[in-house]
Amino acid sequence: MKKADWLITVIGIILLGAGLYMVKTFDDAQGIFLTLPYILIGVGCGVFGAGISNIISKKAISKDADLQKKLTIEANDERNIAIANRAKAKAFDCMTFVFGILMLTFALMNMDLAATLLLVAAYLFVHIYGIYYRLKYEKEM
């Protein structure tokens with residue numbers, strides 16, 4: 001597990017470095033190279049932050065056995081799992097309407113067809129994913 005956290009941290013640094021390098025070297029960038037460096041910087045910072053926070057939190061927890069036991073119990077507590085699942089369900093319901101309104105807005109604003117179709121594809125992917133797991137869980141229960 002520690003190797004994975006270090007790997008994630010290094011990947012974040014690499015992405016961040018690549019983005020900064022591209023900002024400095026591509027003076028007359030056009031098309032995707034106009035925004036790609038900033039996307040790499042943002043993703044790199046996020047990945048680096050996630051990796052380093054995992055490393056720091058695991059190091060802090062490993063020194064206190066009682067805290068580690070308490071956090072393990074809380075993570076596996078049925079009540080906390082039910083609350084998390086219910087919150088995810090509410091977020092999914094909200095996302096359905098927000099993405100639907102956003103797709104309609106994109107269509108009415110005559111946005112670029114590629115952007116609208118990407119949003120529709122993501123929307124359909126999430127819903128197909130939800131349907132797949134609903135059918136899977138219905139068979140199991």
Side-chain angles (χ1 to χ4, degrees), residues 1-138 140-141:
M1 201 60 148
K2 283 189 173 189
K3 289 181 182 179
D5 292 333
W6 281 106
L7 181 67
I8 289 171
T9 304
V10 170
I11 289 171
I13 292 170
I14 291 170
L15 289 173
L16 177 62
L20 291 173
Y21 175 76
M22 290 173 78
V23 166
K24 288 291 187 183
T25 57
F26 295 158
D27 292 333
D28 57 347
Q30 296 193 3
I32 191 163
F33 290 107
L34 193 60
T35 58
L36 182 63
Y38 301 104
I39 292 171
L40 289 177
I41 290 171
V43 171
C45 286
V47 171
F48 171 76
I52 203 74
S53 69
N54 285 342
I55 291 169
I56 292 170
S57 65
K58 285 180 184 177
K59 187 169 280 235
I61 291 172
S62 68
K63 294 179 181 178
D64 190 359
D66 291 334
L67 180 62
Q68 188 175 14
K69 184 178 179 183
K70 182 180 176 183
L71 290 174
T72 305
I73 290 171
E74 284 183 16
N76 295 328
D77 183 32
E78 289 180 17
R79 180 178 175 271
N80 290 337
I81 293 171
I83 290 170
N85 288 338
R86 195 167 179 190
K88 287 179 199 175
K90 288 289 186 184
F92 180 81
D93 292 342
C94 178
M95 183 216 59
T96 298
F97 293 109
V98 170
F99 271 77
I101 292 168
L102 191 60
M103 286 186 295
L104 182 63
T105 305
F106 275 16
L108 292 175
M109 289 175 32
N110 291 328
M111 289 289 290
D112 185 29
L113 184 62
T116 306
L117 290 178
L118 281 172
L119 184 61
V120 170
Y123 180 83
L124 290 175
F125 173 76
V126 169
H127 279 279
I128 290 169
Y129 188 79
I131 291 168
Y132 169 77
Y133 273 101
R134 179 174 179 105
L135 293 174
K136 179 181 176 185
Y137 292 147
E138 282 180 356
E140 288 178 6
M141 296 179 176

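- For Asn110, there are no side-chain contact (heavy atoms from CB on, under 4.5 Å) partners at least two apart in sequence or on another chain.
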Tell me which donor-acceptor pairs under 3.5 Å the side chains of residues 66-77 have, and how far apart each pair is, sequence neighbours excluded?
residue : atom : partner : partner atom : Å
Thr72   : OG1  : Gln68   : O            : 2.8
Asn76   : ND2  : Thr72   : O            : 3.3

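- Here the straight-line distance linking atom CG of Leu36 with atom CZ of Phe26 works out to 8.0 Å at 0.5 Å rounding.
- A distance of 9.5 Å separates CE of Met22 from CD1 of Ile39, quoted to the nearest 0.5 Å.
- Residues meeting the salt bridge (Lys or Arg N to Asp or Glu O under 4.0 Å) test with Glu138, sequence neighbours left out: Arg134.
- With a 4.5 Å cut-off on side-chain heavy atoms, Met109 and Thr105 count as touching.
- When every heavy atom of Leu16 is checked against every heavy atom of Cys45, the shortest pair comes out as CD1-SG, 3.7 Å.
- Between atom OG of residue Ser57 and atom CG of residue Asp5 there is a gap of 7.5 Å, rounded to the nearest 0.5 Å.
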Exercise for the section: Give the intermediate values and the outcome of side-chain contact (heavy atoms from CB on, under 4.5 Å) for residues Thr96 and Tyr123. Expected result: CA-CA 8 Å; Thr96 298; Tyr123 180 83; 3.5 Å; yes
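- Two residues are said to be in side-chain contact when any heavy atoms from C-beta on lie closer than 4.5 Å; Met95 and Phe92 meet this criterion.
- Of the residues Leu108, Ile101, Leu102, the one that meets the side chain to side chain contact (heavy atoms under 4.5 Å, CB included) test with Leu104 is Leu108.
- For the pair Phe99/Leu119, a side-chain contact is recorded, criterion being any heavy-atom separation below 4.5 Å from C-beta on.
- In this structure, the side chains of Ile83 and Arg79 come closer than 4.5 Å at one or more pairs of heavy atoms.
- Here the straight-line distance linking atom NZ of Lys59 with atom CD1 of Ile55 works out to 8.5 Å at 0.5 Å rounding.
- Residues passing the ring-ring contact (aromatic ring centres under 6.0 Å, His included) test with Phe97: none are found, sequence neighbours excluded.
- Partners of Tyr21 according to the ring-ring contact (aromatic ring centres under 6.0 Å, His included) rule, which considers only residues two or more places apart in sequence or in another chain, do not exist here.
- The minimum heavy-atom distance linking Gly51 with Thr9 is given by the pair C-OG1, 3.2 Å.
- Tyr38 meets the ring-ring contact (aromatic ring centres under 6.0 Å, His included) test with no other residue; sequence neighbours excluded.
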Exercise for the section: Could you give me the CA-CA distance, side-chain angles and deciding distance for Phe106 and Met103, then say whether side-chain contact (heavy atoms from CB on, under 4.5 Å) is met? Expected result: CA-CA 5 Å; Phe106 275 16; Met103 286 186 295; 5.7 Å; no
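- In plain terms, the two heavy atoms of Pro37 and Val23 that are nearest each other are CB-CG2, 3.5 Å.
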